[in-house]
Amino acid sequence: MGPKIPRPRGTRDLLPEDLPRVRLLEDTARRVAERAGFGEVRTPLFEDVRLFARTLGEASDVVEKEMFAVPRRGEAGGAWAFRPEGTAGAARAYVEAGLAQRAPFQKWWYCGPMFRYERPQKGRERQFVQFGAEVFGSACPEVDAELADLVLTFFEELGLSGLELRVNTMGDPHDRRAWGDALRAHFSGRLDGRCSDCRTRFERNVFRLLDCKVESCVDANVGAPTLDQYLGAEARAHFEGFLAALAALGREPVRDPGIVRGLDYYTRTVFEVHDPGLGARSALCGGGRYDRLVEELGGPPTPASGFAVGFTPTEAALEARGLPTAAVLEPYRALQRPEVYVVAITDEDRSAALALTRELRRAGLRADLDLKGRRPKGQFKEASRRGARLAATLGPEERAAGEVVLKDLESGEEVRVPRSTLLDRVRRLLGAPPA
RNA sequence: GUGGAUGUAGCUCAGCUGGUUAGAGCGCCAGAUUGUGGUUCUGGAGGCCGGGGGUUCGAGUCCCCUCAUCCACCCCA
């Protein structure tokens, strides 16, 4: 044996036994999104690193340290990066396809792996799956409400209750700038009592001072200017429209001024969905409006809005509630069980058993057989363990007579049937309509 | 990047203050008279005790280093 090669840090292998749970999440996402008129998009798992550098900020930690980058070959230089999120790629594809000119209004959804090079911990992996949706081409606040409602519906259909929708507005760029200036003016003479992180944040991103968790800093934030004081009339009306639309949908959001996205391209609406039961890392979903992103990526000015759900925290929230239930997973598990298990009595029957198995499969049934040379007893044992409904036995006598012995593995009843009527008989025993 | 905890069979774990050939349960494989499963019984395979170094007559057990995992911080698209 050669030395073992470990799996990459922060990743996991999803084995057949894990897949029912994963597929439930994926199918729920697909169902909810397609029902609401969203079309699926699949963009590359890697992009030019500049795409993310431009959308997330050149000098940010994110780009410098947390991106999976791969040097590009050739003289062009530069690097590829595994996508850390889905929005940038979707917006890039939107621009590249020229949709802003030929069909500007688009509703998209996606679900797939994302990557970030960070030290793994609870609810945080280097490769993880996100479900997201983006709407391009409309500035209406109803879009934001539809998106928030969509993601809440996704959670509800998984059985998650008691989740909290937290909303806020970032205002328009002009409002943000005015507020940022006011914050810098406010804090410039008051950095003495702050933690070292806050002093760095003051230079890089003043807004981050507001959600510092150090106790003395929290106290020092009292009396700082609020965005509300600088919010323009249009942004204010937009936020009110968002809240009104949510109310019409029966949603009761919590106003949370603490949601302050550091990225420049966010505008107006921001929201998060939290599971209060999860403690510190309670965010399951983040979303908001990014009216400047498409333009930033070389397209015409195009309003846009979206959200992304992390499957990892969603799974944690489900697990905390004992979900999903066995009943919900049953349809997925059933797909992993053969309907018919074919048993060969002697070695001379094995090739005929293989042919019979294929015949059943071609008829659309899940059929399997022993490929380990087990004796009949072992084959029946395997049939039970695999959860097969029926066993189809083929021995010298049956072959000579052109028959098969069908056994219902639950009741133990056996019937001898001619090959010609086998399929109908199997379907009847399985409770399916005869073809 | 910083700190803490943990690494013994495929999985969950025992191994008392260092002492002979390292154990259990589950799982896996096989048998219980030769063409019939789920239960039971019996047997079997499977461990360089994460890796390296040190202390000792002797190390799974003590010390150091290293790697990995988990947790927290940082950061969060």
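Below, chain A is the first sequence line, B the second, and so on; all start at residue 1. Values in this document were obtained by computation on a predicted structure and should not be read as measured data.
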Contact list (N/O, under 3.5 angstrom) for nucleotides 33-40 of chain B vs protein:
from: B:G35; atom 1: O6; to: A:Glu397; atom 2: OE1; distance (Å): 3.4
from: B:G35; atom 1: O6; to: A:Glu397; atom 2: OE2; distance (Å): 2.9
from: B:G35; atom 1: N1; to: A:Glu398; atom 2: OE1; distance (Å): 3.1
from: B:G35; atom 1: N1; to: A:Glu398; atom 2: OE2; distance (Å): 3.0
from: B:G35; atom 1: N2; to: A:Glu398; atom 2: OE2; distance (Å): 2.7
from: B:U36; atom 1: O2; to: A:Lys407; atom 2: NZ; distance (Å): 2.7
from: B:U36; atom 1: O2; to: A:Glu414; atom 2: OE2; distance (Å): 3.2
from: B:U36; atom 1: N3; to: A:Glu414; atom 2: OE2; distance (Å): 2.6
from: B:G37; atom 1: O2'; to: A:Ser384; atom 2: OG; distance (Å): 3.1
from: B:G37; atom 1: N7; to: A:Lys407; atom 2: NZ; distance (Å): 3.2
from: B:G37; atom 1: N1; to: A:Leu409; atom 2: O; distance (Å): 2.3
from: B:G37; atom 1: N2; to: A:Ser384; atom 2: OG; distance (Å): 3.4
from: B:G37; atom 1: N2; to: A:Leu409; atom 2: O; distance (Å): 2.8
from: B:G37; atom 1: N3; to: A:Ser384; atom 2: OG; distance (Å): 2.6
from: B:G38; atom 1: N1; to: A:Leu409; atom 2: O; distance (Å): 3.3

Problem set entry | Selection residues 125-135 of chain A - residue pairs positive for salt bridge (Lys or Arg N to Asp or Glu O under 4.0 Å), sequence neighbours left out | A:Arg12-A:Glu125
Determine, for [X] against [Y], whether the closest basic-nitrogen to carboxylate-oxygen distance falls under 4.0 angstrom.
| X | Y | answer |
| --- | --- | --- |
| A:Arg251 | A:Glu156 | yes |
| A:Arg83 | A:Glu85 | no |
| A:Arg268 | A:Asp144 | no |
| A:Arg30 | A:Glu40 | yes |
| A:Asp48 | A:Arg92 | no |
| A:Asp349 | A:Arg399 | yes |
| A:Arg289 | A:Asp291 | yes |
| A:Glu26 | A:Arg23 | no |
| A:Arg374 | A:Glu382 | yes |

For this session: For B:G1, take OP1 and OP2 only and decide whether either is under 4.0 Å from a side-chain N or O of A:Arg119.
Result: no
Please tabulate, one pair per line, each protein N/O and nucleotide N/O from nucleotides 41-43 of chain B that are separated by under 3.5 Å, including the distance.
none

How many whole angstroms separate atom [atom1] of [X] from atom [atom2] of [N]?
| X | N | atom1 | atom2 | value |
| --- | --- | --- | --- | --- |
| A:Arg9 | B:C71 | CZ | C1' | 12 Å |
| A:Glu125 | B:U69 | CD | C1' | 13 Å |
| A:Asp370 | B:C29 | CG | P | 11 Å |
| A:Ile259 | B:C76 | CD1 | P | 15 Å |
| A:Leu51 | B:A77 | CG | C1' | 12 Å |
| A:Glu118 | B:A72 | CD | C1' | 14 Å |

Classify the side chain of [X] versus the base of [N] as yes if they form a donor-acceptor pair under 3.5 Å and no if they do not.
| X | N | value |
| --- | --- | --- |
| A:Arg124 | B:C75 | yes |
| A:Arg7 | B:U69 | no |
| A:Glu85 | B:C76 | no |

Problem set entry | Contacting residues from residues 310-324 of chain A, given that a heavy atom lies under 4.0 angstrom of RNA chain B | none
Seminar exercise, completed: residues 120-153 of chain A vs ring-ring contact (aromatic ring centres under 6.0 Å, His included), sequence neighbours excluded, gives A:Tyr94-A:Phe136, A:Trp108-A:Phe136, A:Phe131-A:Phe154, A:Phe131-A:Phe307
For this session: Using a 3.5 Å limit on both pairing distances, list the dot-bracket string of RNA chain B from the 5' end; Watson-Crick and G-U wobble pairs count, crossing pairs take [ ], interstrand pairs take |.
Result: (((((((..((((.....[...)))).(((((.......))))).....(((((..]....))))))))))))....
